Visitor: 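What follows is a structure written as structure tokens; I'll ask about it next.
A quick note: this is a predicted structure, and the numbers were derived from the prediction, not measured.
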Amino acid sequence: MTELANPQRPADAAATPSATHAVELEIGGMTCASCAMRVEKALAKVPGVAHASVNLATETATVQPQSTATVDASALIAAVTKAGYEATLSAPPATAAPVDAAATGDAGDILATTPAPAIDRKQIQTRRDLASVVVSALLTLPLVAPMFGEWFGLHAMLPPWPQFVLASIVQFVFGARFYRAAYRAVRAGAGNMDLLVALGTSAAYGISVYELATHPGDMMHLYFEASAVVITLVRFGKWLEARAKRQTTDAIRALNALRPDRARIRDGAGERDVPLAQVRVGTVVIVRPGERVPVDGAVLEGRTHIDEALITGESLPVPKQTGDAVTAGSINGEGALVVTTTAIGAETTLARIIRLVESAQAEKAPIQRLVDRVSEIFVPAILAIAALTLVGWLLAGAGGETAILNAVAVLVIACPCALGLATPAAIMAGTGVAARHGVLIKDAEALEIAHRVSIVAFDKTGTLTLGQPSVTAFEPVGDMARDEALTLAAAVQRHSDHPLARAVVRAYEAQFGQPAGEGHGATSATAARAVAGRGVEADVDGRTLALGSTRWLRELGIALPPALADRAQELEAAGNTVSWLMARAPRGPEALALIAFGDTVKPTARAAVARLTRMGIRSVLVTGDNRGSAASVAQALGIDEFHAEVLPDDKARVIRDLKIRHAGIVAMAGDGINDAPALAAADIGIAMATGTDVAMHAAGITLMRGDPALVADAIDISRRTWRKIQQNLFWAFVYNLIGIPLAAFGLLNPMLAGAAMAFSSVSVVTNALLLRTWRAAPGHSADQVR
């Protein structure tokens, strides 16, 4: 441990024709990364658009307007349509909306289109796709069954014309979606996965039709089974992919499910149930045992335990009594509560959590830009390789059928969808599991940076300690009576929310048994004002009093009796924070009383620091408290380095110095307004949601409960998510690097190529879903994720 010197949304375009804020669109018809890139480029060209981001996994687009411009929503939808895809404005999660048959329908879909809540739309579409796959497989089975029968000496091939009928139904009914999407891509001057499938299966089907037309009545080798199997397998793969992708959004659905539809309110007419939309700030709400809390509020009456697991990740119910805050979506335990509403709708904690998770899942990680560049040239490159394969086999003297089938295998094995899903699927799974454990990650960039963190700088009060200090010593200076000094100190601090100020007020109330401002020699302060990094001033009974740090005392030039100075050093060495009550007297500033504060280290703090050490991460303490207090906490927790008596602006300079001196990625964990500059200066800021809104806005990661163990959890989840991204990209590239040459050299027939292509996308998403098994074991040591 070392101490270093202190350096200095609506439902359609007609409803909302334009917007000055981010616009969310649902995109239909995308099948691979090149599709997402094309939609992104089309949106970026719309006048007034500053930035557009398309997420293949969620099938959504986020459009950011320029700061001084408005964006025409109908123009955005028109641009997407022109690019060959469908687009609608995202509806609010609770809004019912019909499924758009034109956008999602398919000639081969068996289930009828029915109205459904927007949140279940993709689930219904997935069921319809499964029905289509089942029927397609039943039609394909008679074509491939004879091939398997030959392994057992059975020779029973269907006659050519029944093969033609079955294959034609599969090709042009269940394969219609590939033709439509391929046509739109070609019309837009680009290529996608559907174009590869359409070309490949059409070639195999076309050879068979040619043979059937030129050799009627003869026994011939047809390839109807190849085209039918490829279409069935690809559709089956897309169904598995959609089903797996749906699981990556479980976190959002679970959070949305926490929103109650109604609330029981108390007013002049008594108690009655009303729709939640009718509740306003200040409304008194009744929450009965076992019910979900419908609003953010403060307890007026009652005592109970609240289950906040899905909101904060806290596994144990939290006791609540009069004056405590409750959060919408949490579950009331055994007692009835009367709650006054403090936030509703979009301003509730639950709504903010949902927005943060949705934002993180919609954002692209920086590594995705490389994948996008590769995907942009992928389809044209595959078409070129297929053409070279065809020409090469013809030049080698192989027959036209062999050359075409090998070219078809090249077209079918290529899988740009796996590339497009590798990163977003992992990010969605990672941010989802983080949210379930009380870690909110603002965006994908924060997730990507966090995995490289090598230093974590902690604030002390409220981050590593409980932030509920108590007065451990109160010693007047000179002839001033203790009661008088305590009364003056309480008057100065009465209206402050600072933890030390509340400790002074509690000491007064414990001494006199009455609220501050009442009782013994009650007095009041006026013109109270904070002095950044030093303390607070106020006018009391005609004179200016100040209560603040030893640094401030020295700046004011106040000399202390040797005995009192020694006493202050003794208290600081014991880990107390020492403050002073001072007066600006006519003969110069003078000290009126010494006040020492003690704070309790959080129970999980030492284990959290130890876990960071095991992860190879250096811990640093950066605090405005005195050296003795900082040294005591650092030693107790095993922190490597500490900086004491640091002003708010200096905290940012300490962070920048750490980045330069250690040449590493620095995270800052804090909870107060004075931590905001340091949170912004760090490579990644980690804010406690128990702290201030300013700190949370400056941070890339928010911890939903004030547990320092969540810092290690956040970094661990980030590391595992990054590992999944690397694994996914590796497998996506390996499938193509191995599969394409094998197909080109005739070692893969089209059916095996189709199976491999379908499996590649499914394996990428399934690998990402393993992140959902992450658990923080007792003591917050994470279980291993395979």
Side-chain angles (χ1 to χ4, degrees), residues 1-8 365-370 423 427 430 439 441-460 463-464 605 608-624 627 630-631 633-635 637-670 674-687 695 698-703 708-726 729 782:
M1 179 183 67
T2 59
E3 177 196 11
L4 298 187
N6 172 27
Q8 299 294 331
I367 193 175
Q368 184 67 23
R369 298 176 194 136
L370 172 63
T423 300
I427 287 173
V439 177
I441 299 171
K442 182 182 290 185
D443 52 39
E445 186 171 3
L447 185 70
E448 186 169 323
I449 292 173
H451 89 276
R452 295 186 287 127
V453 166
S454 57
I455 299 171
V456 175
F458 288 97
D459 172 50
K460 183 175 80 72
T463 302
L464 293 176
V609 172
R611 184 175 167 209
L612 288 173
T613 301
R614 291 195 300 271
M615 294 169 69
I617 297 173
R618 183 178 180 85
S619 299
V620 178
L621 179 63
V622 184
T623 178
R627 183 187 179 281
V633 170
Q635 185 174 15
L637 299 182
I639 288 176
D640 302 295
E641 175 183 321
F642 72 88
H643 300 254
E645 299 181 5
V646 183
L647 294 176
D649 290 343
D650 290 338
K651 285 189 176 183
R653 282 195 283 273
V654 170
I655 297 300
R656 287 192 288 268
D657 177 64
L658 287 171
K659 290 161 68 172
I660 295 170
R661 188 155 44 84
H662 293 283
I665 301 298
V666 177
M668 171 68 193
N674 61 335
D675 297 321
L679 290 169
D683 294 295
I684 180 74
I686 303 175
I701 296 175
T702 298
L703 310 180
L710 289 180
V711 174
D713 286 349
I715 296 172
D716 187 56
I717 291 171
S718 172
R719 287 183 175 183
R720 295 171 190 275
T721 302
W722 179 254
R723 197 175 306 150
K724 290 302 179 188
I725 290 174
Q726 290 177 311
L729 289 175

Visitor: Are Thr613 and Ile617 packed together at the side-chain level, in the sense that at least one heavy-atom pair is separated by less than 4.5 angstrom?
Guide: no

Visitor: Taking all atoms of both residues into account, what is the closest heavy-atom pair of Ile639 and Ser619, and its distance?
Guide: CG2-O, 3.4 Å

Visitor: Could you tell me the separation between the OG1 atom of Thr623 and the NZ atom of Lys460, rounded to the nearest 0.5 Å?
Guide: 5.0 Å

Visitor: How many angstroms lie between atom CD1 of Ile449 and atom CD1 of Ile441, to the nearest 0.5 angstrom?
Guide: 12.0 Å

Visitor: Which value, rounded to the nearest 0.5 Å, describes the distance between Ile686 atom CD1 and Leu703 atom CG?
Guide: 6.5 Å

Visitor: Give the minimum heavy-atom separation between Gly670 and Leu679, together with the two atoms involved.
Guide: N-CD2, 4.0 Å

Visitor: Indicate the atoms forming the closest heavy-atom contact of Ile665 with Arg452, along with that distance.
Guide: CB-O, 3.4 Å

Visitor: Report the distance from atom CG of Leu612 to atom CD1 of Ile715, rounding to the nearest 0.5 Å.
Guide: 5.5 Å

Visitor: Report the C-alpha separation of Lys651 and Asp459 in whole Å, then their side-chain angles, then the decisive distance to 0.1 Å, and conclude whether the salt bridge (Lys or Arg N to Asp or Glu O under 4.0 Å) test is met.
Guide: CA-CA 9 Å; Lys651 285 189 176 183; Asp459 172 50; 3.1 Å; yes

Visitor: Taking only residues two or more places apart in sequence or in another chain, which ones pass side-chain contact (heavy atoms from CB on, under 4.5 Å) with Ala605?
Guide: Leu464, Val601, Lys602, Leu637, Pro708

Visitor: Arg656 vs Asp650, test: salt bridge (Lys or Arg N to Asp or Glu O under 4.0 Å). Steps then yes/no.
Guide: CA-CA 10 Å; Arg656 287 192 288 268; Asp650 290 338; over 6 Å; no

Visitor: Measuring only between side-chain heavy atoms, which start at C-beta, is Lys659 closer than 4.5 Å to Asp683?
Guide: yes

Visitor: Search all heavy atoms of Ala669 against all heavy atoms of Val711 and return the closest pair with its distance.
Guide: CB-CG2, 4.2 Å

Visitor: How far apart are the closest heavy atoms of Gly664 and Ser454, and which atoms are they?
Guide: CA-OG, 3.4 Å

Visitor: Are Ile725 and Glu448 close enough that some pair of their side-chain heavy atoms sits under 4.5 Å apart?
Guide: no

Visitor: Using a 4.5 Å cut-off on heavy atoms from C-beta on, say whether the side chain of Ile684 contacts that of Ile701.
Guide: yes

Visitor: Any non-hydrogen side-chain atom of Arg661 less than 4.5 Å from a side-chain atom of Ile455?
Guide: no

Visitor: Could I get the full list of side-chain contact (heavy atoms from CB on, under 4.5 Å) partners for Ala682, not counting sequence neighbours?
Guide: Ile655, Met668

Visitor: Nearest 0.5 angstrom please: Phe642 CZ to Arg627 CZ, how far?
Guide: 4.5 Å

Visitor: Are Glu641 and Leu621 side-chain neighbours, meaning at least one heavy-atom pair lies under 4.5 Å?
Guide: no

Visitor: If we ignore hydrogens and angles and just use 3.5 Å, is the side chain of Arg618 paired with the main-chain N or O of Ala457 as donor and acceptor?
Guide: no

Visitor: Output all residues satisfying side-chain contact (heavy atoms from CB on, under 4.5 Å) with Ser718, sequence neighbours left out; order by chain, then residue number.
Guide: Leu447, Ala450, His451

Visitor: Can you check side-chain contact (heavy atoms from CB on, under 4.5 Å) on His662 and Val620, steps first, answer last?
Guide: CA-CA 12 Å; His662 293 283; Val620 178; 5.8 Å; no

